Amino acid sequence: MSREVVKLNISGKKMEDEERRELKGNPDWMSRLPAELLDVPLWNLAIPGSHDSMSFCLDVSSPVLKSEPCILRVIDKLFPCWTRPCVSRWATTQQSVLSDQCDLGVRFLDLRIVRKPAAGNTLFFAHGIYTLMTLKEALDELATWLDDHPKEIVIVSCSHFESMTDEDHFHLVEYIITLFAKKLCSSQDIPTLRSCWSRGQQVIVSYGNQQMVLQHPELWMEIPYWYGDSPDPKKVIAYLEQQKHQGRPAGFYASGLNLTEDAPYVLLHPLQDMRKMTMSALSLLLCWASEQRPGCAACDVNILCCDFVDVRQFCSLVIGLNYKLLAVPRPVCRTP
């Protein structure tokens, strides 16, 4: 066998191995971190997150949300068969169900909860339009995944709450507390991997309704989410750099690597979609992410969120940032 053929075989095997590892993902990466990181507060670790985590199951037969720009809602009433598929293409930012996202390594879920028209008391999710999957179905799936991975900790960010009543919030929080029970990490705790494992805690629920948070110690205040609000990746990076120089929040916070389009942009590009726009910018965004490090310094990152988390080894890259904490002595930090 020639040397060239051997090289090709070796190269092919490496590619197959990499593809196999990527398909397998990082379902238990937290339990495999070095012992030196087990007592680090979770807000000082690098954590992969998915932006608009439930957008993989948008319902093209549903109307545009009331919170969307007026021009979009007017056009939706006139030409729904054109508007809704267009919105769906641009609003779909994920392609995997929650359990698959968690298998890839995602540990921050961005859940935008809403009351869907003509759906009774059943809650759904939304991004531009409503989802097919209900909130109960999604949280039940997550609870099952957590049972299978007892040392993994997931941060669930509940936000938006369009058209929800006080009664809806009451029943939702009651369901969350009943479903996850002892797995919930209290907002009074300082969560580290070791402390959560010792108490059997696996879920941190960030809730974007202050009244409910004040009533329930099981809920955390809404986690700040930085995003550049631009379809230009250079502007997104410039915004994140500007925010970093102003100093990070004391606890959890998320940096969005996601691009953002507005209604005129969507209407002017009806045949394009979010995936194409994301793929064209992803190399630049991930290059910036690879240069970051977690920790307690003012410019350190915590949660990094991305669209289409199943591509380009995003989760593996973010998880790998944690090993930078081992390269130099960890500074003494005041606990938030």
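We number each residue from 1, following the sequence as shown. Keep in mind that this is a model prediction, so the values were computed, not measured. FYI, side chains are in, hydrogens and waters are out, and symmetry mates aren't considered; it's all heavy atoms of this structure.
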Report the C-alpha distance between Met274 and Arg89 in whole Å, list the side-chain angles of each, state the deciding distance to 0.1 Å, and finish with yes or no for side chain to side chain contact (heavy atoms under 4.5 Å, CB included).
CA-CA 6 Å; Met274 179 56 75; Arg89 284 195 295 273; over 6 Å; no
Going through the distances and angles, do Leu37 and Leu193 end up as a side chain to side chain contact (heavy atoms under 4.5 Å, CB included)?
CA-CA 8 Å; Leu37 301 181; Leu193 290 173; 5.6 Å; no
Can you confirm if the aromatic rings of Tyr253 and Trp43 lie within a centre distance of less than 6.0 Å?
no
Supply the atom-to-atom distance Leu42 CG to Ile204 CD1, rounded to the nearest 0.5 angstrom.
5.0 Å
For Gln210, is the CD atom crowded, meaning more than 12 foreign heavy atoms sit under 6.0 Å from it?
no
If only atom types and distance count, is the side chain of Asp28 paired as donor or acceptor with the main-chain N or O of Ser31 below 3.5 Å?
no
Can you pull the side chain to side chain donor-acceptor pair (under 3.5 Å) pairs that have at least one residue in residues 223-239, sequence neighbours excluded?
Tyr225-Asn258
Go through the side-chain N and O atoms of Asp168 and Thr165 and say whether any donor and acceptor fall under 3.5 Å apart.
yes
State whether Arg112 and Asp52 are salt-bridged, where the test is any N-O pair (Lys NZ or Arg NE/NH1/NH2 against Asp/Glu carboxylate O) under 4.0 Å.
yes
Crowded around Glu167 CD? As in, over 12 foreign heavy atoms under 6.0 Å?
no
What pairs with Trp288 under ring pair (Phe, Tyr, Trp, His ring centres under 6.0 Å), at least two apart in sequence or on another chain?
none
Above 12 or not: heavy atoms from other molecules or residues under 6.0 Å from CG of Asn121?
no
Between Asp189 and Pro191 (side chain of the first, backbone of the second, donor and acceptor by atom type, cut-off under 3.5 Å), is there such a pair?
no
Do side-chain atoms of Glu137 reach the backbone of Thr134 as a donor and acceptor pair under 3.5 angstrom?
yes
If we ignore hydrogens and angles and just use 3.5 Å, is the side chain of Arg84 paired with the main-chain N or O of Ser62 as donor and acceptor?
yes
Main-chain N/O of Trp29 paired to Asn26 side chain as donor or acceptor, under 3.5 Å:
no
So, applying side chain to side chain contact (heavy atoms under 4.5 Å, CB included) with Tyr130, which one of Val60, Val64, Val114 is it?
Val114
In plain terms, say whether Glu152 and Arg107 are close enough for a salt bridge, that is, a side-chain N and a carboxylate O under 4.0 Å apart.
yes
Test item: Glu141 side-chain N/O and Ser99 main-chain N/O as donor-acceptor pair under 3.5 Å
yes
For Met277, does its backbone N or O pair with a side-chain atom of Ser280 as donor and acceptor, under 3.5 Å?
yes
Cation-pi geometry met for Arg115 and Phe124 (6.0 Å, 45°)
no
Pair Asp300 + Lys324, salt bridge at N-O below 4.0 Å:
no
When the ring centroid of His169 is compared with that of Tyr207, is the distance short of 6.0 Å?
yes
Could you go through the side chain to side chain contact (heavy atoms under 4.5 Å, CB included) check for Leu172 and Leu135 one step at a time?
CA-CA 9 Å; Leu172 172 55; Leu135 179 140; 3.5 Å; yes
Looking only at atom types and distance, does a side-chain atom of Asp59 sit under 3.5 Å from a main-chain N or O of Thr131, one as donor and one as acceptor?
no
Linked, directly or transitively: Phe170 and Tyr175 (ILVMFWY side chains, under 4.5 Å):
no
For Cys57 and Met133 the tightest heavy-atom approach is SG-CB, 3.6 Å
Taking the side chain from Gln202 and the backbone from Leu146, do they hold a donor-acceptor pair closer than 3.5 Å?
yes
Ser53 side-chain N/O to Ser50 backbone N/O, donor-acceptor pair under 3.5 Å:
yes
Checking Met30 against Leu45 for the side chain to side chain contact (heavy atoms under 4.5 Å, CB included) test, could you report, in this order, the C-alpha distance in whole Å, the side-chain angles of both residues, the deciding distance, and whether it holds?
CA-CA 10 Å; Met30 286 182 159; Leu45 293 180; 5.9 Å; no
Least distance between heavy atoms, Asp110 atom then Ser159 atom:
OD1-OG, 4.2 Å
